[in-house]
Undergrad: 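Sharing a structure, written as structure tokens. Questions coming.
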Number of protein chains: 2
Amino acid sequence: MALTINEAATATGWSPRMLRYVEQQGLVEPARSAAGYRLYGPAQLQRLRSLRALLETHGVELGDVGFALRLRRENELASALDGWFDEIPTAPEPPDLPAADERWLAFEQDKHQHLLNL
Amino acid sequence: MALTINEAATATGWSPRMLRYVEQQGLVEPARSAAGYRLYGPAQLQRLRSLRALLETHGVELGDVGFALRLRRENELASALDGWFDEIPTAPEPPDLPAADERWLAFEQDKHQHLLNL
DNA sequence: ACAACTCTAACAGGCTTGTGTCAGGGCCGC
DNA sequence: GCGGCCCTGACACAAGCCTGTTAGAGTTGT
């Protein structure tokens, strides 16, 4: 009813090593027997197969999927990213500031930021 | 009204090299002068500063943000990922299939998949 | 009870990322 | 027109990722 790691490996085309790695990335986490053996059920096998398909068809890496997982878990992170992407791409140009002053302003801002960061 | 790359670098704390790299990742793309010089306006400077903050506060890498960008652009990819994550986590256990047969089935499926992949 | 499997932990090689630096050639401001 | 910018492209090197492999100890099925 559940396959051990080597069986799951030959059944899905992953290597046993990679199955452990995939688990460590939090992507497919099999059940464990009393003694700690990994037990892959049909759901996990399906997941492993479709994961493989996902990577191949979209040219994506395991780490990327891991990051996507992180995005769904930490939604503070997700909204921070959303916020950044949606940041006004064309800044409200300060209308009447002379060029030289603007440079100076940027420089000052940076100086202050550095002070804060240190 | 717009800073050159070295000015933008000192204004944001990135190195000039990294500004080019960030641009190559598609994250902050400055305008170009007629001769091809990068021109960073206030919007880009702001974006660079907040990007830096984003990386630091959330322990994220540039490549991760690049991948997030890819997610917003290729929404086929995004929905594929969503689909994978939402795949039934507890498979509908085929009710009356003997265990041995199930293993054999998985093996056969794999064999066919390999045939297709080669 | 013995062979064949599993576990974790670790090291190792190849590939990718992040970052600096340099070279050769063009542009800018004084 | 000259010193100091900027461009692209390339090499270099540390750090990290991916993957295989090995070692030592425990488990399982016949």
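We name chains A, B, ... by the order of the sequence lines, and we start the count at 1 in each one.
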Undergrad: Rounded to whole Å, please give me the gap between CZ in B:Phe67 and P in C:dT17.
TA: 13 Å
Undergrad: If the sugar-phosphate is the primed atoms plus P, OP1 and OP2 and the base is the rest, what is the B/S/- string for nucleotides 19-30 of chain D, using protein heavy atoms under 4.0 Å?
TA: BBB----BBS--
Undergrad: Is B:Leu81 reachable from B:Leu69 through a run of I, L, V, M, F, W or Y residues, each pair having side-chain heavy atoms under 4.5 Å apart?
TA: yes
Undergrad: If you check the A:Thr4 side chain, which of D:dC6, C:dT6, D:dC7 turns out closest?
TA: C:dT6
Undergrad: Could you tell me how far apart B:Leu19 (CG) and D:dT8 (P) are, to the nearest whole angstrom?
TA: 13 Å
Undergrad: Just how far, in rounded Å, is C1' of D:dG4 from CD1 of B:Ile5?
TA: 15 Å
Undergrad: Counting only side-chain heavy atoms from C-beta out, which of D:dC6, D:dT8, C:dT6 sits nearest to A:Asn6?
TA: C:dT6
Undergrad: I'd like to check the salt bridge (Lys or Arg N to Asp or Glu O under 4.0 Å) partners of B:Glu23; sequence neighbours left out, ordered by chain and number.
TA: B:Arg32, B:Arg38
Undergrad: Starting at CD of A:Gln25 and ending at P of D:dC17, how long is that distance when rounded to a whole Å?
TA: 9 Å
Undergrad: So, does B:Gln25 use its side chain to make a donor-acceptor pair with the main chain of B:Val22 at under 3.5 Å?
TA: no
Undergrad: Restricting to side-chain contact (heavy atoms from CB on, under 4.5 Å), what partner residues turn up for B:Gln24, sequence neighbours left out?
TA: B:Tyr21
Undergrad: Should A:Leu39 and A:Met18 be regarded as members of a common hydrophobic cluster, given that ILVMFWY residues are connected when their side-chain heavy atoms come within less than 4.5 Å of each other, either directly or indirectly?
TA: no
Undergrad: Nearest-Å distance, CD (A:Gln24) to P (C:dA10)?
TA: 12 Å
Undergrad: Regarding A:Arg38, tell me which of base, sugar-phosphate or nothing describes its non-hydrogen contacts under 4.0 Å with the strands shown.
TA: sugar-phosphate
Undergrad: If two hydrophobic side chains count as joined below 4.5 Å and joins carry through other members, does B:Tyr40 share a cluster with B:Leu62?
TA: yes
Undergrad: CD of B:Glu61 versus P of D:dA15: gap in Å, rounded?
TA: 14 Å
Undergrad: How many Å lie between CD on B:Glu7 and C1' on D:dC5, as a whole number?
TA: 10 Å
Undergrad: Could you see if A:Ile5 belongs to whatever hydrophobic cluster contains A:Tyr37? Use Ile, Leu, Val, Met, Phe, Trp, Tyr and a side-chain cutoff under 4.5 Å.
TA: no
Undergrad: Whole angstroms only, please: what is the CZ-P distance between A:Arg20 and C:dC5?
TA: 13 Å
